Amino acid sequence: VTSKFIGGLAKTRDAFGKVGELFLRRKKIDEAFFEELEEILIGADVGVNTVMALIDELRAEVKKRKIEEASELQPILSEKLVEMLRGSGEDAGLRSNPNGITVILFVGVNGVGKTTTIGKLAWRYKQQGKNVLLAAGDTFRAGAIEQLEVWGQRVGVDVIKQHSGSDPAAVMFDAVQAAKQRNVDVLICDTAGRLQNKVNLMEELSKIHRVIQREIPGAPHETLLVLDATTGQNALSQAKLFGEKSGVTGLVLTKLDGTAKGGIVIAIRNELELPVKFVGLGEKMDDLQEFDADQFVHALFA
Ligand code: GDP
């Protein structure tokens with residue numbers, strides 16, 4: 001797992017490498033040291049609020065433990081980052097339904113990697129021997145249904161769809177019925193990602209929630225918000241926008257392989273009470289990695 005993170009996070013690791021350099025170059029902990037650390041972390045997209053919080057905690061540790069050498073602070077920084085990323089300690093794994101069909105809903109704006117992530121997750125479940133079905137709930141974006149079907153074929157799972165423009169809640173109803181008939185273990189649902197009309201989108205999502213819940217009590221078991229890490233601070237604003245309002249239970253950060261902005265994971269985790277469930281480290285089927293705070297931080301400084 002660590003090697004996956006180390007490879008996938010190459011560019012972000014360059015950004016965090018400067019932290020390691022700083023700890024070596026500046027022997028003494030003084031104001032200049034903290035200022036430089038602050039600058040590097042903000043530059044690595046950790047986000048101003050989160051960096052301030054981190055620096056405050058480090059200052060407190062320096063006082064409490066009477067630390068003088070900069071090098072002693074490096075493991076403490078790692079510890080704090082792991083704590084932040086773990087949050088209240090939710091399991092990285094996804095909730096499932098022990099008594100029947102597990103329903104996982106995906107939300108997120110267009111282009112973030114939602115369809116790709118659905119395909120990757122379907123493949124993961126198939127690898128575990130599960131019977132998987134996909135629901136083409138993005139009836140709004142041209143090509144969204146076809147794109148999901150391409151992934152369905154690639155992975156070898158069926159897609160339940162209606163025509164473009166139809167009511168997504170009706171697609172979900174069909175999909176749940178099909179899942180019941182076909183003895184499906186996991187139903188993964190795509191939804192529209194337009195943000196131009198936020199109110200409509202939120203209404204649409206809550207209608208989808210209601211339909212699914214009525215058919216399968218306790219469902220959806222997860223509502224995952226997909227965010228594109230390459231957009232840095234924009235991903236953070238999107239996360240806040242969707243936030244808890246749309247019933248989001250977890251996050252997926254995609255495209256970490258192509259960006260130096262991986263620090264955004266820390267900012268998002270710190271500012272939102274939502275666990276990061278997966279990260280995307282490439283475009284292939286097996287490039288979806290379960291998030292692990294320890295491994296992630298270890299990879300940043302390895
Ligand atoms: P959607 O509009 O949210 O459904 O986005 P797509 O799933 O179509 O993805 C948009 C683009 O991002 C595609 O070219 C994907 O191959 C690419 N993509 C998705 N996830 C990742 C990832 O983790 N890493 C990289 N490098 N590319 C990704």
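The structure presented is a predicted model; accordingly, all values stated were derived computationally and were not measured. When a ligand or atom number is given, it counts from 1 through the structure's own listing order.
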Rounded to the nearest 0.5 Å, how far apart are [atom1] of [X] and [atom2] of [Y]?
X      : Y      : atom1 : atom2 : answer
Lys120 : Lys284 : NZ    : NZ    : 9.0 Å
Glu36  : Phe23  : CD    : CZ    : 11.0 Å
Thr12  : Ile6   : OG1   : CD1   : 13.0 Å
Arg124 : Met285 : CZ    : CE    : 14.0 Å

Specify the protein heavy atom at minimum distance from [atom]: its residue, its atom name, and the distance to 0.1 Å.
atom                    : answer
atom 8 (O) of ligand 1  : Gln147 NE2, 2.6 Å
atom 4 (O) of ligand 1  : Thr115 OG1, 2.5 Å
atom 22 (C) of ligand 1 : Gly282 O, 3.1 Å
atom 5 (O) of ligand 1  : Gly113 N, 3.0 Å

Checklist entry - Does some non-hydrogen atom of Val112 fall short of 4.0 Å from ligand 1? => result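 Yes.
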If you measure every N/O of [X] against every N/O of ligand 1, is any gap under 3.5 Å?
X      : answer
Glu283 : yes
Lys255 : yes
Gly111 : yes
Asn110 : no

Checklist entry - Do Arg86 and Asp294 come close enough that some side-chain heavy atom pair is under 4.5 Å? => result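 In short, these two side chains touch, coming nearer than 4.5 Å.
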Item to check | Trace of the salt bridge (Lys or Arg N to Asp or Glu O under 4.0 Å) decision for Glu61 with Lys80 | outcome: CA-CA 10 Å; Glu61 290 293 336; Lys80 297 281 170 205; 3.2 Å; yes
Considering only heavy atoms of [X], which atoms of ligand 1 have at least one such atom less than 4.0 Å away?
X      : result
Lys114 : 1 (P), 3 (O), 4 (O), 5 (O), 7 (O)
Asp257 : 22 (C), 23 (O), 24 (N), 25 (C), 26 (N)
Leu281 : 23 (O)
Thr116 : 6 (P), 7 (O), 9 (O), 15 (C), 19 (C), 20 (N)
Gly280 : 23 (O)
Arg141 : 2 (O), 4 (O)

So, [X] side chain and [Y] main chain: donor-acceptor pair closer than 3.5 Å or not?
X      : Y      : result
Asn131 : Arg182 : yes
Ser206 : Glu203 : yes
Gln289 : Val279 : no

Checklist entry - Minimum heavy-atom separation for Asp286 to Lys4, with atom names? => result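 Closest approach of Asp286 to Lys4, heavy atoms only: O-NZ, 3.0 Å.
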Next on the checklist: Below 4.0 Å, non-hydrogen atoms only: which portion of Lys284 touches ligand 1? Side chain, backbone, both or neither.
Outcome noted: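 It is neither; nothing of Lys284 touches ligand 1.
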